[in-house]
Amino acid sequence: MADQPTAPLYGLVAEFDSAPELLDAAREVTRAGYRKTDAFSPFPIHGLADALDFHDRRLSLIVLLGGICGLLFGYSLEYYTQVISFPENIGGRPYHAWVAFIPPAFETTILFGAFTAGITMLVLNGLPSPYHPVFNAPRFRFASQDKFFLAIEAADPKFNEAETRAFLTGLHAREVVAVEE
Amino acid sequence: MEGSQYPKGDFRAPLPIIGPGHSFRSITNKLTSVVLTKNTPKAWFAVMAIGFVLLNGLMIAITYLLFKGIGIWGTNIPVGWAFPIINFVWWIGIGHAGTLISAILLLFKQDWRTSINRFAEAMTLFAVVCAAIFPVIHTGRPWLAAYWLFPYPNAMTIWPNFRSPLIWDVFAVSTYGSVSALFWFIGLIPDMATFRDTAEHPLLKKMYGVLSLGWRGSARHWERYEHAYLLLAGLSTPLVLSVHTVVSFDFAVGIVPGWHATIFPPYFVAGAIYDGFAMVLTLAIPLRAMYGLRDFITDRHIENMAKVMLATGLVVVYGYSCEAFFGWYSGNEFERFMLKNRMYFGPMAWSYWVLILCNFLVPQIMWSKRLRRKTWAVFTAAMFVNVGMWLERFVIIVTSLHRDFLPSSWEMYYPTKWDFITLFGTVGLFLTLMFLFVRVLPLISIFEMRTLVTDKPAAAPQVEGH
Amino acid sequence: MTLDDIRTKLNGLEGRAYWRSLEELSGTPDFQQYLHQEFPANAAEFTDPAGRRQFLKLMGASLALAGVSACTRQPPEKLVPYVTQPEEIIPGRPLFYATSMPIGGVGMPLLAENHMGRPTKLEGNPEHPASLGATDVLAQASVLNLYDPDRSRNILNLGNEATWPTLTAALQTALAPLRSAGGAGFRILTEPISSPTVIDQMETLMTASPQVKWHQWDPVYGTVQGGAPDAQAIYHLDKADVVVSLDADFLGFGPTAIRNTKDFSSRRRMGTPTDALNRLYVVEPSLTLTGANADHRLTIKARDVYGFATALASALGVAGVPAAPAVSDDAGRWIPVLVDDLRAHHGRAVVVAGDHQPAAVHALARAINDAIGGTGTTVVYAAPVVATPRDGIASLRELVTDMNAGAVQLLLIVGTNPVFTAPADLDFLTALKKVPLRIHLGQQDDETGDECQWHVPEAHYLESWGDVRAFDGTVSLIQPLIEPLYGGHSFLEVLASINGVGGQSTQDLVKGYWTKAFNGQTKTKWTLQDREGRPFPTVDAFWRQALYDGFLASTSLLTGAVPTPAAPATPLSLTPPPAMTGLEIIFQPDPYILDGRNANNGWLQETPKPLSKVTWDAIAYVSPRTAERFGVMSFQRSGNGDLPLVEIQYRGRKAKMAIWPLPGTADDVVVVHFGYGRTRAGRVGTKVGQNLFTLRTSAAPWFDGGVELHETGEKYLIVSTQNHFAMEGRAPVRVVEAEEFAKNAKAVAELGAERPGPEVSLYKPFEYNGHKWGMAIDLNACTGCNACITACVAENNISVVGKDQVERTREMHWIRIDTYYEGDPSKPDGVYHQPVPCQQCEDAPCEVVCPVGATVHSDEGLNDMVYNRCVGTRYCSNNCPYKVRRFNFLLYSDFTTPELMAQRNPDVTIRSRGVMEKCTYCVQRINHARIDSKVQNRPIKDGEIKTACQQVCPADAIVFGDLNDPASRVVALKAQERNYGLLEETGTRPRTSYLAKVRNRNPALS
Amino acid sequence: MSQIFPRSANATARLTIAGALGFVILLGWVVWTLMFSSWVTKQNEVVEQPVPFSHKHHVSGVGLDCRYCHTSVENSEFAGIPPTKTCMNCHSQIWTNAPMLEPVRASLRDNKNLTWIRVNDLPDFVYFSHEIHVHQGVGCATCHGRVDQMALTYQAAPLLMGWCLDCHRAPEKYLRPRDQVFNMAYEAPANQIELGLRLKKEYGVADVRHMTSCSICHR
């Protein structure tokens, strides 16, 4: 495809054949000071995020909070319905039969926790995003099969099409293409 | 069924969890072709047909039920619960293996799980669907039970009774169902992307494109993805244990001799996994033959599952012995009589001994490595376990109820044809859903399989997080 | 067609007219279609019984079908007020009227509960000596006969509708020629009759035309074998310390049973362990309720009872007793013991002879009673209350002979159904066909009605005026509670029109007779005084009192003076019954269906027969040992199933019947029950069970030898509500010996596992500061008569489920009577009855497990069952150790038959499909009493609230009350050493408790 | 590779999700409001009667007491609907040939019941007793509203179980002196709660545990 993009430039996308090559390239790119970068692989690659200097551990905390909310919701629901709203003598058990209240509260904890985990993950990843510039890379469909890609965005302060392209090619990229927005 | 993958005589040889000489490409092609291929195997149609016929049986049975009332079943007054609840517990149990494989084995870093977890999870999902039918239709007034069982603010200002194990069930089962579905879908996302990118037909592309949520395999995404996946696994593990514990409470909380036993929770959970693995095998063995997946679902998998089955089976048998011991040691006349009636002179004692045959004696063949590696042997054992675990619930529910405290109310229980149509109907529903799944979604997690590819320079990265 | 169409069609119609037109309407196709589309689908919805109840409350027929269609919006409901409201009626409040149920010619005194013109429930008349407030199964169920949709509705002439005038005209024209011949050729065949007014009318008729003959036939009550006793014995069992029964089921069967049970059980109820009990010896061929309550029971063939009686009589030194035939060893051991016991209790003992035994045995019994000083104290002999002829067999035989001889021109058959019930050898039907004009008056157009040119619907006793005498002679009045639903006419009406006084209403006739009686102008001279024995000032005062009480107190032989009947001949001159050989057959009426007259009564069909608990069928009892010959090994079954059909060959006649091994039946005896196998009974009773009248002969209507049993290899499904009769070493019924108990008061407590104290519970028990309802059931008093079951059915709108549902053990009775046998089945050591209603546990296992909270505790400790919240998981039933909960597996309640709806108790919700139900301690009665007490600003009196089962119980075995009222009877009972909780070791803390059974055995026999 | 979806797809996707959530919530809200809506409860709905009877005229105008027609309100669960006779007591004298009253006259003439439509209609598994409520100081107007102001009668209260419980849980909010029960114009005093508690004591109105027991209303 044409090297001279017509539309505004999203960035350069380099293709690699193997996970290790991608990993090295990613390290180099980061060392070179590029920040607006991303790597794409058909399966999770150990250390790739580090290589891109990306760290995000917020998920655990959010899920914990979700779980706690679930617990509170479950138990207060039980307490309200059985003790406050309509207390009834059921088989001589006390209104606040806390022993019996444990299982449902436990289940709500899990429920809230799990869904927090799933949804938060998607939100943080900005999914769903059916359209993304990187899809414009001609061979990008292989990113979900057996090829590995590295992208440097035009928005990156250090980005200069010519230099960056040279730099990437230097990293034994199988091919480097410019991708438009 | 099929010849062994091992050099003759050498049973020490370490077994691969993936056939030799596989590349990312080959895995991708192989697994996507299962779905995207033009020619579906004849066997698929055959199974589908059976499933569909049975499913229609279920529909008819339920319609008739709603019209006439549950009197069409064999349930009566001493035996207020029978087939419906047996089926419910059986299906829920079957579901457990899926979660176990995808969650617990994940936490234990058992990488052989990767090629079976996907359809095991699907199995969980569909088993829960089948199970969830029963608590509703077994009630006298399903059209009310369907929503009165949930706490929602209403004009009567009345609420469900949270002291009742059935309400615990409602919470446990609905949580289990939805969390399993979530777990399953999250797992599917990257493979949906693969499908999106490999499918030719534009419509398929779009369809899988929507399902993939625009997944692009970004390193940042993978990072959070694995993190979330791990958390889900961590949450599902206590969940799956709690679900069958709660189910066992349905009985353990009752005062009926034969129900009122403290061993029930662990014993039920073990039973569930036992049955679950049996069902996974029942599905895996034909499936891998049908689609020639022996490279991915290797004899190693079969053997490992056989081992798990054996282990959990022994736990279950331990449960039986505990029941017997408690009954005897309690010195309680009702408990003791329950045992005698169940094992010795009761009119339904036969069911207990068939159960022992299916769940205890037959599976012992799995001790032999030779037989463990004979697919037909494993398959047969699994079938016995499936039946045995159903019978276990029959024994617990029916034989305990039909002779409880007052001899004057001792009666017999006989199922009607509608009981059977409903039971096999759900089997039909299960098969239908399962094979539809196989036809439209990747039955083996492709992206995880890629991590198993060993013939690459770099060591295969692990799925687990850091 | 829609609800409104139906309503408009029925609008404004009342009573008879309404039913008629609904009947016609329901014939029309679109009505059928309407029912089809509306009912099956929506019957499940609860808005439905709704419609029922309002309809009932306001007797607006149109409401019967209201509120059927179920949706979020309630359909409009209509209110149909009176045009002119009767003064006595307060809308929504029931009224009670005293009346009386004639059965076998004898009156059963009743109070009838009337809701806005609909009799819904019958109670015993507490003032009446023959009832003292109790009733029996038959009386309870008789209200359903009133509404029986299959009762005949039209006068039929050769099958065509006719009218009352045409009938009377036809009757008169037929009578005219006969009258000239002094009535020769005119015969009247009735049931036994004791009604003074009717008898008076008959006398008028027969004096006018002396050739008229009056025959009486009743296969159950009016039939004797070997001659009728010349005097009727009236027992004072409350005065008897020792009671000996010679094949007499005086506690279990017949209109006398209620008072007998009252008196007998008054001597079984203990206060302290040392209280004295009476002692009951029973000699009988097969187990009866009386036998089941015996302290000692001797099983001998019916034919040997005479021998036993003679042996006993001569051992007691009665003069002129014929030489006693040899008696069995057991009997041999008994005689001396009995003699000692009877002598030891001179004047406080009584011997009771069975109704089915020949006159000779009655004479012997009477002689013995004279000898042991019973006569005059524990028993009085009086002229029978039923008009002659009392020997139905003889009377019927005479009629048949005359009919065959062509001597009968006009036959009027009243009530009875001889075509079905007459002895087989008389071949009544052939004879009947020879009568030129046959008129049948009956509630059903039955087998006999079918064979008569004229059929006249007979009015139910709740629809007609009349009078009747109770077994003790008390004259009791019958007053109608409702216009004849189906336009029935009473015998009195027919008789009046024959006597040419048809112009008068039956009310006038009855009142007229008693006015004459008051003025002493009647043939029989009556002593008419008020309860204090003072004469009435005026006839009006007398009549008002009589109607209010429902009876004439001064006419009772129990309380009033007894006309001494002819003393028996001394020395005794007896005609010994003919000797019998071979296998013995004993004929019994079905306890509830009787001769088949109740075959269409679902309540009675489903009431378990005593002892065997079989429903919906007639069976043949044999001893377990005899049964083994036919492959029935044990009298226990693991569940309902097929039993072998045997062929009974007797005097060249054959019949097939399923055999049931009943413990305590003599070997080589087969007890068959007749009454089933009706061909024209109605939707419920037609073609149910086997007809045994085909075997019964006039020579030996009750028992005979020379019968043969043959295997047929065929099987027949027999369903019973209990299949396991052994206690399996558990002690649901706790039994102690009087001697032992007197020594050790703790004997009862020691029988069960120890009762867990409050400390076993994690939680501190709830406190009940207001009322605290509880119940105590005295197993020593309970005779197992089943009256409580039927009373509960009537009070609580309990549905009938039918044979196939009972087979699946889905019967709906809220209270059941468990029966357990002890010892060798062929010679049971003890038979125990235990009524089991909901135990109303304080720590109720059922409540905890209900997911929707449809069963919860009230603050008065009731285990409330909220039908409209129930979704039907049946978890509660599984967790109920007493299995007293009942489930509507299908749509059991009848939402389509308005006649049956009219019977329902408006204060109890009608349960629909898919909901659980159970005993509520009659919470509707509790609530009414509570409201009344609040409105009147007074506490609820002890005994003010009676549960239906308690109110009906002739043994006063059930006592309900407030456990927080230290003065209440129930508290006193629960304080007894005999008190124990059923399965209390399970920690359910039941509110219902039981008082253990104490047996007063004679050491000399044990 | 070419894009499968247009740029706008991202926005569309998120909107779809939001929309779905919104729809579910909306649905819930609709059902909820329906549950209490007067469409379901029939509150404030005037029902057509065979005779357009005006309580306003008879009570406020003529000044009849409730009990003149609803005779059994004090001593039966059922308040009672007047028999035709009661109407004709007066209407045989006045308005003797008002066409409006023809059905009434017809009823008496040919002894044919009048058929009214029930206005305050409880589900029939509910056992309500006028007797006890009237006796314990629950005014007619408390449940039936100002019937004396109703030209045509309608159901004033929702008659939902929650509505019943509101009073059964705290009767003091509504109790009035017995002599005021039939006073339609009665105004609750400022110290209603205080008064209510006093009357509750005086009339022996049971505690909340008793009043919320199921078997009080359902049998």
Side-chain angles (χ1 to χ4, degrees), chain B residues 66-81 135 138-146 148-149 156 158-167 169-170 250 253-256 259 332-334 337 346-348 397 400-414, chain C residues 40-41 44 637-641 722-730 732 753 805 808-811 816 818-820 834 836 845 847-853 856 869-879 881-883 885-891 912-916 982-983 986-988:
Chain B
L66 292 176
F67 184 74
K68 284 288 286 183
I70 64 162
I72 65 171
W73 290 334
T75 44
N76 56 29
I77 269 313
V79 187
W81 282 352
H138 99 287
T139 62
R141 304 200 289 168
W143 52 91
L144 296 176
W148 278 6
L149 288 173
M156 305 167 289
I158 48 181
W159 306 94
N161 166 22
F162 281 94
R163 295 162 190 77
S164 164
L166 283 186
I167 285 299
D169 265 352
V170 170
D250 290 349
V253 167
I255 67 172
V256 181
W259 286 15
N332 176 313
E333 61 178 315
F334 303 121
F337 178 87
M348 299 184 202
I397 293 175
S400 304
L401 280 175
H402 90 117
R403 290 187 168 181
D404 63 349
F405 292 92
L406 293 180
S408 61
S409 50
W410 291 359
E411 290 292 351
M412 273 301 277
Y413 164 77
Y414 303 102
Chain C
R637 311 195 291 178
S638 49
N640 286 316
Q722 182 181 349
N723 282 309
H724 201 96
F725 297 92
M727 288 196 270
E728 296 293 338
R730 310 174 181 185
Q805 291 300 304
R808 295 170 177 276
T809 65
R810 293 171 179 175
E811 64 273 3
R816 64 173 195 264
D818 290 347
T819 297
Y820 297 107
Q834 181 170 42
V836 186
E847 293 178 358
V848 185
V849 298
C850 175
V852 290
V856 299
R869 176 65 173 171
C870 177
V871 296
T873 64
R874 306 178 305 297
Y875 199 174
C876 50
S877 166
N878 290 345
N879 218 29
Y882 312 96
K883 291 286 173 282
R885 288 176 157 266
R886 300 299 186 208
F887 188 68
N888 291 271
F889 285 92
L890 300 169
L891 183 65
S912 188
R913 182 188 120 196
V915 304
M916 190 61 71
L982 185 56
L983 296 175
T986 55
T988 53

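Each chain gets a letter, A, B and so on, in the order its sequence line appears, and its residues count up from 1. Atoms considered below: every heavy atom in the structure, side chains included; atoms not considered: hydrogens, waters and symmetry mates.
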- Item | Those residues that, when tested against B:P142, pass side chain to side chain contact (heavy atoms under 4.5 Å, CB included) (two or more places apart) |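 Per chain and number, B:P142 pairs via side chain to side chain contact (heavy atoms under 4.5 Å, CB included) with B:L66, B:V136, B:T139.
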In Å, rounded to the nearest 0.5 Å, how long is the span from [atom1] of [X] to [atom2] of [Y]?
X: C:R913; Y: B:F67; atom1: CZ; atom2: CZ; result: 8.5 Å
X: C:R637; Y: B:M412; atom1: CZ; atom2: CE; result: 12.0 Å
X: B:Y414; Y: C:R808; atom1: OH; atom2: CZ; result: 11.5 Å
X: C:R816; Y: B:S409; atom1: CZ; atom2: OG; result: 5.5 Å
X: B:F334; Y: C:L983; atom1: CZ; atom2: CG; result: 5.0 Å
X: B:E411; Y: C:K883; atom1: CD; atom2: NZ; result: 12.0 Å

With a 4.5 angstrom heavy-atom cut-off, is it the side chain or the backbone of [X] that approaches chain B, or both, or neither?
X: C:Y875; value: both
X: C:Q834; value: neither
X: C:A753; value: neither
X: C:S638; value: both
X: C:P845; value: side chain

[X] side chain to [Y] main-chain N or O, any donor-acceptor pair under 3.5 Å?
X: C:R810; Y: B:G71; value: yes
X: B:W81; Y: C:T873; value: yes
X: B:R141; Y: C:C870; value: yes

Part of [X] lying under 4.5 Å from any heavy atom of chain C:
X: B:D250; value: both
X: B:S400; value: neither
X: B:F162; value: neither
X: B:W259; value: side chain
X: B:P78; value: both

For the candidates [options], which exhibits the highest count of non-hydrogen atom pairs separated by less than 4.5 Å from chain B?
options: C:T986, C:V856, C:N723, C:V848; result: C:V848
options: C:V852, C:V849, C:N878; result: C:N878
options: C:S877, C:C850, C:G987; result: C:C850

- Are any non-hydrogen side-chain atoms of B:W410 and C:T809 less than 4.5 angstrom apart? no
- Query: Is there side-chain contact between C:E728 and B:E333, with heavy atoms separated by less than 4.5 Å?
  - Reply: no
With a 4.5 Å cut-off on heavy-atom pairs, point out which of [options] contacts chain C the most.
options: B:L166, B:I397, B:D169, B:L149; answer: B:L166
options: B:H402, B:R403, B:K68, B:M156; answer: B:K68
options: B:V256, B:I167, B:I255; answer: B:I255
options: B:I158, B:L401, B:L406, B:V253; answer: B:L406

- Query: Of B:T75, B:N76, B:I70, which meets side chain to side chain contact (heavy atoms under 4.5 Å, CB included) against C:F887?
  - Reply: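 Going through the options one by one, the only one that passes is B:I70.
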- Message: Could you walk me through whether C:E847 and B:R163 satisfy the side-chain contact (heavy atoms from CB on, under 4.5 Å) test, starting with their C-alpha distance in whole Å, then the side-chain angles of each, then the deciding distance to 0.1 Å, before giving a yes or no?
- Response: CA-CA 9 Å; C:E847 293 178 358; B:R163 295 162 190 77; over 6 Å; no
- With sequence neighbours left out, what residues match C:R730 under side-chain hydrogen bond (donor to acceptor under 3.5 Å, both in side chains)? none
